[in-house]
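This one's a predicted model, so the numbers in the text were calculated from it and none came from an experiment. Atoms within a ligand are numbered from 1 in the order they appear, just like the ligands themselves.
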Amino acid sequence: MTSHRPAAVVIMAAGMGTRMKSAIPKMLHEIGGRSLVGHVLVASRALDPEHLVVVVGSGRDLVEAHLKALDPDVKTAVQEQQLGTGDAVRAGLSAVPQDFDGSVIVTSGDVPLLEAETLHELVADHDKQGNAVTVLTAHVPDPTGYGRIITGADGSFEAIVEHKDASPEQRLVDEINAGIYVFDAATLRDGLSRLTTDNAQGELYLTDVIGIAKGDGKRVGAHVTPDAMQTEGVNDRIQLAQLGAELNRRTLTRHMREGVTVVDPNTTWVDQTVELARDVTLLPNTQLHGTTTVEAGATIGPDTTLTNVTIGAGATIVRTHGSDAEIGAGASVGPFAYLRPGTKLGVKGKIGTFVETKNSTIGDGAKVPHLTYAGDATIGEGANIGAGTIFANYDGVAKHPTHVGKHSFIGSNSVIVAPRTIADGAYLAAGTALTEDVGPGEIAVARGRQRNIKGWVARKRAGTKTAAAAEAAQAQADAGTSGEQQ
Ligand code: UD1
Ligand code: MG
């Protein structure tokens with residue numbers, strides 16, 4: 001992609017986004033796991049420009065901090081007042097050296113489906129046509145609101161006329177200005193210096209640079225993209241949802257082409273940043289976010305939401321909610337598991353039903369199958385944690401760790417009062433409330449000793465159905481015993 005390397009990309013992102021009716025700037029709203037401006041930034045960066053500038057204005061502190069976190073090399077330029085797209089690009093150019101040559105791409109921060117490939121084709125076409133300006137255009141079913149591409153009798157590019165400035169005849173044109181351009185740097189600088197606000201909106205229109213260039217006898221042209229969706233902007237929450245759904249469809253299609261089974265694309269949501277290997281199966285109502293990666297042959301879902309989770313080959317994750325966790329190859333999780341940050345499950349390990357884990361490492365082949373809370377625990381390989389075990393990690397002031405050794409067995413319904421160490425090859429008797437450490441080969445039994453009080457029901461519950469049942473059972477037992485003796 002470097003053969004048509006642009007000198008600069010300017011992303012206009014200073015607009016208010018009033019129609020979002022939001023406390024946060026429009027550019028920071030997300031689809032597919034990335035902010036709107038983040039999508040455009042990623043596509044722009046792929047062209048490897050010498051300078052990458054984002055023009056910020058509304059909510060600039062938030063937007064700037066977000067951009068720096070995404071891409072430390074990005075430059076920002078402030079447009080104090082939103083005086084129009086021409087003014088935005090003027091502001092953008094103030095952040096780069098004033099005299100460079102080459103191509104400048106201008107785009108908007110709110111066109112999240114725009115792909116690097118399309119920008120690349122635009123620049124290549126610009127170079128091939130030998131233009132001073134090339135405009136990305138598309139044919140759309142409803143061109144209302146967009147600038148229209150006006151062509152001459154010979155079909156050549158004439159001008160862009162804004163919707164509000166257009167005649168009824170011009171409004172019938174369905175080829176629109178996508179708001180994405182390549183300019184020769186000198187032509188852009190010169191045009192920007194000559195803009196006026198003589199138009200229906202009293203703004204400095206970037207599009208007027210094209211008329212100025214043409215008036216000077218320079219070559220200007222259009223590059224039509226067949227994929228109009230890539231040029232669509234987000235102005236309100238309805239478009240946010242529509243473009244979010246379209247992006248998701250595109251992401252799932254890409255994965256399916258690469259060998260992922262998506263049983264129900266309508267209820268499966270996968271962020272752009274997620275990586276899926278071949279023969280992964282996603283069952284209905286699965287959502288994969290952030291840096292989640294899934295290795296070959298794993299099955300996720302149904303009804304599973306995972307954020308920043310890595311999943312080994314052949315693992316199975318059923319009806320689970322998890323974040324910042326690592327699941328080993330061949331492991332099994334769920335149904336109904338809650339994996340909180342810092343959960344690490346080893347190869348062929350198991351986190352089963354109604355189990356919550358947090359900051360816990362569960363070794364290879366170890367099993368936590370049912371009804372457990374494991375917080376701040378290290379569980380050795382091959383250990384087995386009985387149903388209903390609670391790792392009591394919090395004393396009301398601080399969190400404490402527990403270590404369970406290899407191949408140890410924790411009896412059901414035990415509570416381990418941390419900090420505690422249970423050695424390799426040890427046992428806890430069921431129902432233990434553990435307050436001392438346990439050595440190798442030992443069994444800890446920490447519970448009330450059982451005593452059975454004979455005749456209690458007859459004395460304390462005389463005349464009840466329970467007493468009658470006890471009496472009958474006793475008689476049968478006595479008869480059986482005497483029968484055996486014969
Ligand atoms: C612009 C184009 C129009 C095109 C449309 C495509 C002009 C005059 N018109 O119109 O031909 O069809 O985009 O969507 O350029 N922005 C700033 N500062 C400003 C004004 C805008 O940063 O002062 C940013 C906005 O945040 C947005 C982008 O520039 O990201 C486009 O601005 P917008 O107001 O949406 O332009 P349109 O009027 O839609
Ligand atoms: Mg717009």
- Go through R34 and D271 one step at a time and tell me if the salt bridge (Lys or Arg N to Asp or Glu O under 4.0 Å) criterion holds. CA-CA 8 Å; R34 261 197 196 119; D271 283 357; over 6 Å; no
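- Residue E169 qualifies as open at atom CD: its count of foreign heavy atoms under 6.0 Å is 12 or below.
- For ligand 1, the atoms lying closer than 4.0 Å to a non-hydrogen atom of A13 are 22 (O).
- Take T353 and apply the side-chain hydrogen bond (donor to acceptor under 3.5 Å, both in side chains) test, not counting sequence neighbours, and it matches no residue.
- Heavy-atom proximity to A88, at under 4.0 Å, picks out these atoms of ligand 1: 17 (C), 18 (N), 22 (O).
- Neither the backbone nor the side chain of V55 has a heavy atom within less than 4.0 Å of ligand 1.
- The shortest N or O to N or O distance between N177 and ligand 1 is below 3.5 Å.
- A side-chain N or O of D303 and one of N285 form a donor-acceptor pair less than 3.5 Å apart.
- Side chains of N393 and H400: a donor-acceptor N/O pair is absent below 3.5 angstrom, by distance only.
- For the pair G147 and ligand 1, the shortest N or O to N or O distance falls below 3.5 Å.
- Of all the heavy atoms in V333 and L345, the pair that sits closest is CG2-CD2, 3.8 Å.
- With a heavy-atom cut-off of 4.0 Å, K26 does not touch ligand 1 at all.
- In the vicinity of Q82, heavy-atom distances shorter than 4.0 Å reach the ligand 1 atoms 18 (N), 19 (C), 23 (O).
- The heavy atom nearest to atom 2 (C) of ligand 1, considering only E162, E232, K164, is found in E162.
- On a distance-only criterion, A14 and ligand 1 share at least one N/O pair closer than 3.5 Å.
- Partners of D227 by salt bridge (charged side-chain N to carboxylate O under 4.0 Å, His left out), not counting sequence neighbours, listed by chain and number: R250.
- Judged by distance alone, the side chains of T251 and N248 never bring a donor and an acceptor atom under 3.5 Å apart.
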- Begin from the C-alpha positions of E175 and R148 and carry the test salt bridge (Lys or Arg N to Asp or Glu O under 4.0 Å) through to its verdict. CA-CA 6 Å; E175 184 178 2; R148 305 298 206 285; over 6 Å; no
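- Near L83, with a cut-off below 4.0 Å to any heavy atom, the atoms of ligand 1 are 23 (O).
- Shown in contact with A178 at under 4.0 Å from a heavy atom are these atoms of ligand 1, numbered in order with element: 6 (C).
- Ligand 1 has no nitrogen or oxygen under 3.5 angstrom from a nitrogen or oxygen of Q81.
- Note that R189 lies in the cation-pi zone of F100, set by a 6.0 Å cut-off to the ring centre and a 45° limit from the axis.
- When only interatomic distances are considered, the shortest N/O to N/O separation between M27 and ligand 1 does not fall below 3.5 Å.
- Here's the thing with Q79: one of its N/O atoms is less than 3.5 angstrom from an N/O atom of ligand 1.
- At under 3.5 Å, a nitrogen or oxygen of G84, whether backbone or side chain, sits near a nitrogen or oxygen of ligand 1.
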